[in-house]
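One-based numbering, in listed order, for ligands and for the atoms of each.
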Amino acid sequence: MNTRRLLTRRNLLLAGLTGVGGLLLFGRTKKLPPTYGHILRMGDNLTYAAHRLLLPGQSLAREYSRRDITPFPAVFIKDTSDPTHPMSSESYRRLQAGGFADWRLRVEGLVDRPGTYSLADLKRFPARTQITRHTCEEGWSAIGEWTGVQLGRVLEAAEMHPDARFVTLHCNDGYVDSIDLLDALHPQTLLAYGMNGRDLSLPHGAPVRLRLETQMGYKSMKYVEKIVVTSEFGGDEGTIQDGWSWYAGI
Ligand SMILES: Nc1nc2c(c(=O)[nH]1)N[C@H]1C(S)=C(S)[C@@H](COP(=O)(O)O)O[C@H]1N2
Ligand SMILES: [Mo]
């Protein structure tokens, strides 16, 4: 195949829904199982294996239409009385008042191009909008419209190393959690900056939150400010320590 055809094919793939993930995952998936087998708790491991077996590749979460959108209750906000919580913090409110112009997202770890992105930088990537159902482990669910950049595109720009396996996200309220590359590169996994046609609000995680449509609501991290690519399982501080399962596939 000549270079031109290769490039065309690559562009076509990138334009497609599964392009980013498909390209990057090729040749990587076979390296995944041993890591999980050793480190995950048995229950997680079984759920994980079952999902990966039943839903190979990148099956999409159901998408809804505009008329299905429900008013989104911002129910899961931990203790916002802590003055450092983004909902209460003076400096965070100043950041918001300035349209988050001074906000930055850091991408680092096992990447050739670590970097710092402004909100405007993220908005320069192609945007994706999807209407999906958020399901909280506490028993409520709601449908909302999300707009953002596919996490896979940002990871692609960062040029991950071949041994990359996990992506850990750090949030301004101290929440830290990780996902595997399959979920990170899933076409519906977004760094979302818009909700229901507006800028993401502070209760919902402004300026940027993760939308992870393949797992329960608590994995859709709000106030994301650092992304670290790793080869080892870790960054589970936000879930396993709280008694929640690391893998919460739906
Ligand atoms: N940084 C951060 N992200 C978070 C949480 C949180 O407390 N902090 N709560 C999680 C939980 S349990 C849920 S159900 C959703 C709630 O999202 P919403 O407030 O937009 O409805 O955010 C998730 N992401
Ligand atoms: Mo939740």
Undergrad: What atoms of ligand 1 come closer than 4.0 angstrom to any heavy atom of C171?
TA: 1 (N)
Undergrad: Quick test of your reading of the model: are K222 and D173 salt-bridged, counting only N-O distances below 4.0 Å?
TA: no
Undergrad: Short list, please: which atoms of ligand 1 are under 4.0 Å from a heavy atom of M221?
TA: 3 (N), 24 (N)
Undergrad: Quick check: does W140 get an N/O under 3.5 Å from an N/O on ligand 1?
TA: no
Undergrad: Inspect the contact between E225 and R209 and indicate whether a charged nitrogen and a carboxylate oxygen are less than 4.0 angstrom apart.
TA: no
Undergrad: Would you mind running through ligand 1 and noting each atom that sits below 4.0 Å from a heavy atom of H134?
TA: 13 (C), 14 (S), 15 (C), 16 (C), 17 (O)
Undergrad: Between Y218 and ligand 1, does any nitrogen or oxygen pair lie at a separation below 3.5 Å?
TA: no
Undergrad: Should you measure from each heavy atom of P203, which atoms of ligand 1 turn up under 4.0 Å away?
TA: 19 (O)
Undergrad: Among L200, L190, T129, whose side-chain contact (heavy atoms from CB on, under 4.5 Å) with T147 holds?
TA: T129
Undergrad: Is the closest side-chain heavy-atom distance between L122 and V154 below 4.5 Å?
TA: yes
Undergrad: Polar contacts were defined as any N/O atom of the residue lying under 3.5 Å from an N/O atom of the ligand; does this apply to E137 and ligand 1?
TA: no
Undergrad: Is it the side chain (CB and beyond), the backbone, both or neither of E138 that lies under 4.0 Å from ligand 1, heavy atoms counted?
TA: neither
Undergrad: Tell me which one of P86, G174, G217, S220 gets a heavy atom nearest to atom 13 (C) of ligand 1.
TA: G217
Undergrad: Please lay out, stage by stage, how D183 and Y247 fare under the test side-chain contact (heavy atoms from CB on, under 4.5 Å).
TA: CA-CA 10 Å; D183 274 346; Y247 185 70; 3.9 Å; yes
Undergrad: As an exercise, identify every atom of ligand 1 less than 4.0 angstrom from a heavy atom of C136.
TA: 14 (S)
Undergrad: Hey, can you tell me if F166 and F233 have their rings parallel, tilted or perpendicular (30° and 60° cut-offs)?
TA: perpendicular
Undergrad: Working note: L169 + V176, criterion side-chain contact (heavy atoms from CB on, under 4.5 Å); need CA distance, chi angles, decisive distance, verdict.
TA: CA-CA 6 Å; L169 295 98; V176 182; over 6 Å; no
Undergrad: Report the residue from H204, E145, R211 that forms a side-chain contact (heavy atoms from CB on, under 4.5 Å) with M195.
TA: H204
Undergrad: R209 heavy atoms, cut-off 4.0 Å: which ligand 1 atoms fall inside?
TA: 15 (C), 17 (O), 18 (P), 20 (O), 22 (O)
